Amino acid sequence: MVRGKTQMKRIENATSRQVTFSKRRNGLLKKAFELSVLCDAEVSLIIFSSKGKLYEFASSNMQDTIDRYLTHTKDRISNKPVSEENMQHLKHEAANMMKKIEQLEASKRYKHELQQIETQLEKSVKCIRARKNQVFKEQIEQLKQKEKALAAENRKLTEKWGSHDMEVWSNKNQEFGRGDEESSPSSEVETQLFIGLPCSSRK
């Protein structure tokens with residue numbers, strides 16, 4: 001009986017799919033073993049089922065084979081010529097990097113300018129405070145000088161008016177004394193004393 005050609009598509013029936021997986025898996029593992037023995041080749045085979053179960057075969061150490069594969073792949077990628085698409089991508093990345101560098105430099109310059117402005121402001125504030133303190137000191141010194149001048153003038157006025165009051169008071173006392181002396185002798189009145197019977201008339 002001749003078998004029909006197998007169609008290469010997913011088997012919908014789960015049981016049939018599992019049976020086919022088991023048969024072909026075992027056949028693949030057998031072929032890998034035969035290839036390693038007959039041809040003295042380093043063969044490694046890794047299979048994961050649809051449920052995630054691992055099946056593997058390695059003619060030598062699996063990890064060594066994987067490391068060898070990674071090294072070979074890396075060398076092959078590094079030796080691969082750069083295509084036009086990769087060149088455009090690299091140019092785009094380089095342009096983006098240049099923009100980022102320019103932005104960082106601009107930000108750095110902006111921060112530097114801010115620091116300079118801050119330093120200038122601090123110096124200006126210090127100068128203003130120093131000038132303000134100097135003006136206050138000068139004003140206080142001027143007020144002290146005015147206070148001394150006013151105090152001296154006040155003393156002079158006090159001395160002047162004090163001596164004037166004494167002079168006026170002395171003059172008033174002298175005038176009062178002279179008035180008493182002049183009024184007491186001139187105010188004396190001569191009187192006659194008559195002893196006897198009063199007369200009705202004088203002859």
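Being a predicted model, the structure only gives us computed values, none of them experimental.
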- Query: Do Glu141 and Lys137 have side chains that get closer than 4.5 Å, going by heavy atoms?
  - Reply: no
- Any Tyr69 side-chain heavy atom under 4.5 Å of His72 side chain: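 The answer is no, as the side chains (C-beta and beyond) never meet within the 4.5 Å cut-off.
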Who passes side-chain contact (heavy atoms from CB on, under 4.5 Å) against [X], sequence neighbours left out?
X      : result
Asn61  : Gln63, Asp64
Gln116 : His112
Ser16  : Ile11, Asn13
Leu143 : none

- If you draw a 6.0 Å radius around CD in Glu138, do more than 12 non-hydrogen atoms from other residues or ligands fall strictly inside?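 It does: Glu138 CD has more than 12 such atoms within range.
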- Task: Would you indicate whether Glu153, at its atom CD, is surrounded by more than 12 heavy atoms from other residues, nucleotides or ligands within a distance under 6.0 Å?
- Result: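 Not more than 12 within 6.0 Å, no.
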- Task: For residues 120-135, pull every pair meeting salt bridge (Lys or Arg N to Asp or Glu O under 4.0 Å), keeping only residues two or more places apart or in separate chains.
- Result: none
- Determine which pairs satisfy salt bridge (Lys or Arg N to Asp or Glu O under 4.0 Å) with at least one residue from residues 7-26, sequence neighbours left out, and list them in order.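 Listed once each, the pairs are Arg10-Glu12.
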- Nearest heavy-atom neighbours spanning Thr158 and Asn154: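 For Thr158 versus Asn154, the nearest heavy atoms are OG1-O, 2.7 Å.
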- Residues that, via side-chain heavy atoms closer than 4.5 angstrom, fall in one hydrophobic cluster with Ile117: Leu121
- Query: For Phe33, which fellow cluster members are found when Ile, Leu, Val, Met, Phe, Trp and Tyr are connected by side-chain heavy-atom distances below 4.5 angstrom, either directly or through intermediates?
  - Reply: Phe21, Leu28, Leu29, Leu35, Val37, Val43, Leu45, Ile47, Tyr55, Phe57
- Any pair counted as side chain to side chain donor-acceptor pair (under 3.5 Å), so long as it reaches residues 26-53, sequence neighbours left out: Glu42-Ser60, Glu42-Thr65, Glu42-Arg68, Ser44-Thr65
Side-chain polar contacts of residues 94-110 - donor-acceptor pairs under 3.5 angstrom, sequence neighbours left out - could you list them?
from	atom 1	to	atom 2	distance (Å)
Asn96	ND2	His92	O	3.3
Asn96	ND2	His92	NE2	3.2

